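Working notes, structure below.
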Amino acid sequence: MKKVIQDTVHCKTAEEFLNALSPIGKYFKSYELNAPLLFRGQGQDWPLIPSLFRENALKKITGRKPENYQERRWMETKLLIHFFRLADKRGLVLPEDSQELRTFFAKLSDDKKGASSNLQNWRFEDKGLSVIALAQHYGVPTRLLDWTLQSLVAAFFAGYDVYNYYNDYPPKSLLVVWAFYFPSFEKEVRHSNYLFSVRSVTAPSATNENLKAQQGVFTLADHL
């Protein structure tokens, strides 16, 4: 059985780092072609937490700090509705756009109680996953966590993080890449503990240039 999260490998040079991530290197050469390996590059050893659940992520945008999970989900919804409207107004190509999707967003806008009143039966992602994925790449806090199918793309983003945030967050480890073996990737399977479930998500890359360039995919976290 393959390991879900790979053993920690410490590299002292860029050459060691890139060799460790190579698909034909010693750590990944035993995996079959197109194995369900997901990679995430970071400029620090940040926890694997979606932006919606990060400290102060919503407060920076809305000016409010959610008190509980239901309120956090409702704030996510309001931001996504606003993103959908603004993106459409500016002429951005919206993934899976249709009258059905527009009606769905219109009904969400009219719902005064929304997620906070009936969270168990309220599943925004059933119709709006591709919109969530697009919004994620424009900085909207969501329950999605970005991954890539390519280890060297993850290495690039780790370096990009360091370049952009070094002065604000001097890193203890300059580059960090997570490798996640996800056997049920692209299957309707949720992996759960007593608190959260996680499942894989893909979205159309033809209408999302960032996603196409990064060979990006996502995991979606839900509170049980």
Side-chain angles (χ1 to χ4, degrees), residues 1-51 53-54 95 129-130 132-134 136-139 142-191 193 196-221:
M1 179 178 177
K2 303 290 187 181
K3 293 180 179 178
V4 174
I5 297 292
Q6 305 305 300
D7 292 335
T8 300
V9 177
H10 296 283
C11 303
K12 295 182 179 179
T13 67
E15 184 178 9
E16 287 182 20
F17 180 63
L18 294 175
N19 285 338
L21 291 171
S22 170
I24 59 174
K26 67 176 181 178
Y27 298 107
F28 299 109
K29 65 181 180 181
S30 63
Y31 288 87
E32 64 274 16
L33 186 65
N34 296 322
L37 281 164
L38 312 185
F39 299 91
R40 178 175 172 81
Q42 302 177 159
Q44 279 214 49
D45 194 9
W46 302 114
L48 294 179
I49 300 175
S51 55
F53 303 119
R54 293 174 194 165
L129 266 180
S130 295
I132 299 177
L134 184 63
Q136 168 90 352
H137 280 164
Y138 280 88
T142 76
R143 286 165 291 138
L144 294 179
L145 191 65
D146 299 80
W147 299 80
T148 174
L149 299 174
Q150 298 295 325
S151 58
L152 297 182
V153 171
F156 168 82
F157 278 101
Y160 183 78
D161 253 8
V162 170
Y163 178 80
N164 278 299
Y165 303 115
Y166 186 88
N167 290 331
D168 294 329
Y169 306 102
K172 297 178 182 178
S173 301
L174 284 179
L175 304 173
V176 177
V177 172
W178 288 85
F180 179 25
Y181 181 69
F182 202 157
S184 61
F185 180 67
E186 291 188 317
K187 300 176 183 177
E188 281 295 318
V189 176
R190 291 173 180 262
H191 296 271
N193 62 16
F196 276 93
S197 71
V198 176
R199 68 184 176 103
S200 61
V201 171
T202 60
S205 60
T207 51
N208 190 327
E209 290 297 324
N210 289 338
L211 201 64
K212 179 168 60 177
Q214 299 166 17
Q215 295 191 40
V217 295
F218 306 92
T219 49
L220 175 71

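Just so you know, these numbers use all the heavy atoms, side chains as well, and skip hydrogens, waters and symmetry mates. Since we're looking at a predicted model, the values are computed, not measured.
- The aromatic rings of W147 and F180 lie tilted to each other, with the angle between the two planes from 30° to 60°.
- Side chains of F218 and D146 form a contact here, defined as non-hydrogen atoms less than 4.5 Å apart.
- Considering all non-hydrogen atoms of both residues, H10 and E16 come closest at O-OE1, 4.3 Å.
- For the atom pair CZ (R40) and CG (L145), the distance works out to 4.0 Å, reported to the nearest 0.5 Å.
- Considering every non-hydrogen atom in both D45 and V176, the closest pair reads N-CG2, 3.8 Å.
- Under the side chain to side chain contact (heavy atoms under 4.5 Å, CB included) criterion, F17 pairs with C11, L21, A155, L175, V177, sequence neighbours left out.
- Remark: the backbone N or O of I49 is paired with a side-chain donor or acceptor of R54 at under 3.5 angstrom.
- The minimum heavy-atom distance between Y27 and A20, with the atom names listed, is CD1-O, 3.5 Å.
- Taking CD of Q136 as the reference point, atom CG of L129 lies at 11.5 Å (rounded to 0.5 Å).
- Under the 3.5 Å distance criterion, the side-chain polar atoms of S51 are matched with a main-chain donor or acceptor of T142.
- Side-chain atoms of L37 and L149, non-hydrogen and from C-beta on, never get closer than 4.5 Å to each other.
- Rounding to the nearest 0.5 Å gives a distance of 7.5 Å between CG of L144 and OG1 of T219.
- Classification of the Y31-F28 ring pair by plane angle, with boundaries at 30° and 60°, yields tilted.
- Q42 places a side-chain N or O within 3.5 Å of a backbone atom of Q44 that can act as its donor or acceptor partner.
- Under the 4.5 Å side-chain criterion, counting only non-hydrogen atoms from C-beta, E32 is not in contact with N34.
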